[in-house]
Amino acid sequence: EVRLEQSGGGSVQAGGSLRLSCTASRFTFDDTDMAWYRQAPGSECELVSRFDSDGYTIYTDSVKDRFTVSRGHAKNTVYLQMNNLKPEDTAVYYCAAYLPEILPSMGRVCDQSGGYWGQGTQVTVSS
């Protein structure tokens, strides 16, 4: 079965750090572009970072210089390192792969735009 399994997340105070993991079954991240999205309550599903199979990476402006995406040695795991977290980073975070398109927003629901999605993980940052 092809799937993405997420781990990490949790609650931290502003200025703290968290690392999210996204592990793929039945493929590696050499085979496909992937993306991290997040959705805060009442907000749309927004792109956090795009990480292409060739290593090309982009970040949304609000997380630049604070978040870093990297690929593990096994190549079926991608990490999202989040430093200097802010309350506005509070959201459910999703990893996704094999998306038809990696768009700045996936609308009101994150995981109904095709491709494969992780189960989502809550990140809560308190001030």
Side-chain angles (χ1 to χ4, degrees):
E1 179 187 359
V2 175
R3 64 176 189 161
L4 294 173
E5 183 74 26
Q6 293 181 228
S7 61
S11 298
V12 293
Q13 291 192 322
S17 298
L18 287 171
R19 188 176 79 162
L20 307 183
S21 299
C22 176
T23 300
S25 298
R26 302 281 188 173
F27 68 93
T28 74
F29 292 104
D30 280 354
D31 301 327
T32 177
D33 303 338
M34 68 85 61
W36 288 95
Y37 282 86
R38 67 185 180 186
Q39 188 164 28
S43 299
E44 292 197 342
C45 177
E46 69 165 346
L47 179 67
V48 174
S49 178
R50 170 184 184 140
F51 183 76
D52 288 358
S53 59
D54 62 2
Y56 174 75
T57 310
I58 61 168
Y59 300 93
T60 193
D61 285 348
S62 62
V63 308
K64 279 180 183 176
D65 300 323
R66 298 190 298 121
F67 289 14
T68 304
V69 178
S70 62
R71 183 164 43 200
H73 280 300
K75 299 184 179 180
N76 70 329
T77 300
V78 170
Y79 302 99
L80 179 65
Q81 178 67 42
M82 305 183 293
N83 297 328
N84 191 21
L85 282 159
K86 303 177 180 181
E88 52 264 42
D89 295 318
T90 295
V92 177
Y93 284 70
Y94 297 87
C95 62
Y98 285 105
L99 295 169
E101 284 186 279
I102 298 177
L103 300 173
S105 171
M106 288 296 192
R108 303 297 298 176
V109 182
C110 271
D111 59 357
Q112 294 186 2
S113 302
Y116 298 102
W117 291 78
Q119 78 274 24
T121 186
Q122 178 70 45
V123 171
T124 302
V125 185
S126 58
S127 57

key: Main-chain N/O of Ser126 paired with Gln13 side-chain donor or acceptor, under 3.5 Å   = no
Value rounded to 0.5 Å, distance of CD in Gln112 from SG in Cys45 = 10.5 Å
ask   = Are Phe67 and Tyr79 connected, step by step, through hydrophobic side chains (Ile, Leu, Val, Met, Phe, Trp, Tyr) whose heavy atoms are closer than 4.5 Å?
value = no
query = With distance as the sole test, does Asp54 use its side chain to make a donor-acceptor pair with the main-chain N or O of Tyr56 at under 3.5 Å?
reply = yes
remark   = Heavy-atom closest pair (Leu85 atom, Arg66 atom, distance to 0.1 Å) is CA-NH1, 3.8 Å
request  = Identify the heavy atoms of Asn83 and Ser17 that sit nearest to each other, and give their distance.
outcome  = OD1-OG, 2.9 Å
task = Would you indicate whether the side-chain heavy atoms of Tyr59 and Thr57 approach each other to under 4.5 Å?
result = yes
task = Examine Phe27 and Phe51 and state if one hydrophobic cluster contains both, with Ile, Leu, Val, Met, Phe, Trp and Tyr joined whenever side-chain heavy atoms are less than 4.5 Å apart.
result = yes
query = Is there a side-chain contact between Gln122 and Thr90 (heavy atoms, below 4.5 Å)?
reply = yes
ask   = Looking only at atom types and distance, does a side-chain atom of Gln6 sit under 3.5 Å from a main-chain N or O of Cys95, one as donor and one as acceptor?
value = yes
inquiry  = For a 4.5 angstrom cut-off between non-hydrogen side-chain atoms, does Leu80 reach Val78?
reply    = no
task = Taking all heavy atoms of Ala97 and all of Phe29, pick out the closest pair and write down the distance.
result = CB-CE2, 4.3 Å
task = Decide whether Met34 and Val2 are clustered together by the hydrophobic rule: side chain heavy atoms of Ile, Leu, Val, Met, Phe, Trp, Tyr closer than 4.5 Å, transitively.
result = yes
task = Assess whether side-chain hydrogen bond (donor to acceptor under 3.5 Å, both in side chains) is satisfied between Asn76 and Thr28, documenting all intermediate values.
result = CA-CA 4 Å; Asn76 70 329; Thr28 74; over 6 Å; no
inquiry  = Thr77 vs Thr23, test: side-chain hydrogen bond (donor to acceptor under 3.5 Å, both in side chains). Steps then yes/no.
reply    = CA-CA 4 Å; Thr77 300; Thr23 300; 3.1 Å; yes
request  = Check whether Tyr116 and Val69 end up in the same hydrophobic cluster, where Ile, Leu, Val, Met, Phe, Trp and Tyr are linked by side-chain heavy atoms less than 4.5 Å apart.
outcome  = yes
remark   = For Arg38 and Ala91, the nearest pair of non-hydrogen atoms, with its separation, is CB-CB, 3.8 Å
ask   = So which of Tyr93, Trp117, Tyr94 actually passes ring-ring contact (aromatic ring centres under 6.0 Å, His included) with Tyr37?
value = Trp117
message = Minimum heavy-atom separation for Leu47 and Arg50, please, with both atom names.
response = CD1-N, 4.4 Å
message = Consider side-chain contact (heavy atoms from CB on, under 4.5 Å). Of Leu4, Asp31, Asp33, which one does Tyr98 pass it with?
response = Asp31
inquiry  = Side chains of Ser105 and Glu44 only: does a donor on one sit below 3.5 Å from an acceptor on the other?
reply    = yes
task = Let me see the working for Val123 and Met82 under side-chain contact (heavy atoms from CB on, under 4.5 Å), right down to the final yes or no.
result = CA-CA 10 Å; Val123 171; Met82 305 183 293; 3.8 Å; yes
inquiry  = Which heavy atom of Leu99 sits nearest to which heavy atom of Gly114, and what is that distance?
reply    = CD2-O, 3.3 Å
Separation of Arg71 CZ from Cys22 SG (nearest 0.5 Å) = 12.5 Å
request  = Check whether any side-chain N or O of Gln39 sits under 3.5 Å from a backbone N or O of Arg108 as a donor-acceptor pair, and report yes or no.
outcome  = yes
request  = Before accepting this row, confirm whether a basic side-chain N of the pair Lys64/Asp61 lies closer than 4.0 Å to the acidic partner's carboxylate O.
outcome  = yes
request  = Start with the C-alpha gap between Glu1 and Arg26, add the side-chain angles, then the distance that decides, and say whether salt bridge (charged side-chain N to carboxylate O under 4.0 Å, His left out) holds.
outcome  = CA-CA 7 Å; Glu1 179 187 359; Arg26 302 281 188 173; over 6 Å; no
inquiry  = Quick one, Thr32 and Ser53 - any side-chain contact, counting heavy atoms below 4.5 Å?
reply    = no
query = If two hydrophobic side chains count as joined below 4.5 Å and joins carry through other members, does Val92 share a cluster with Met106?
reply = yes
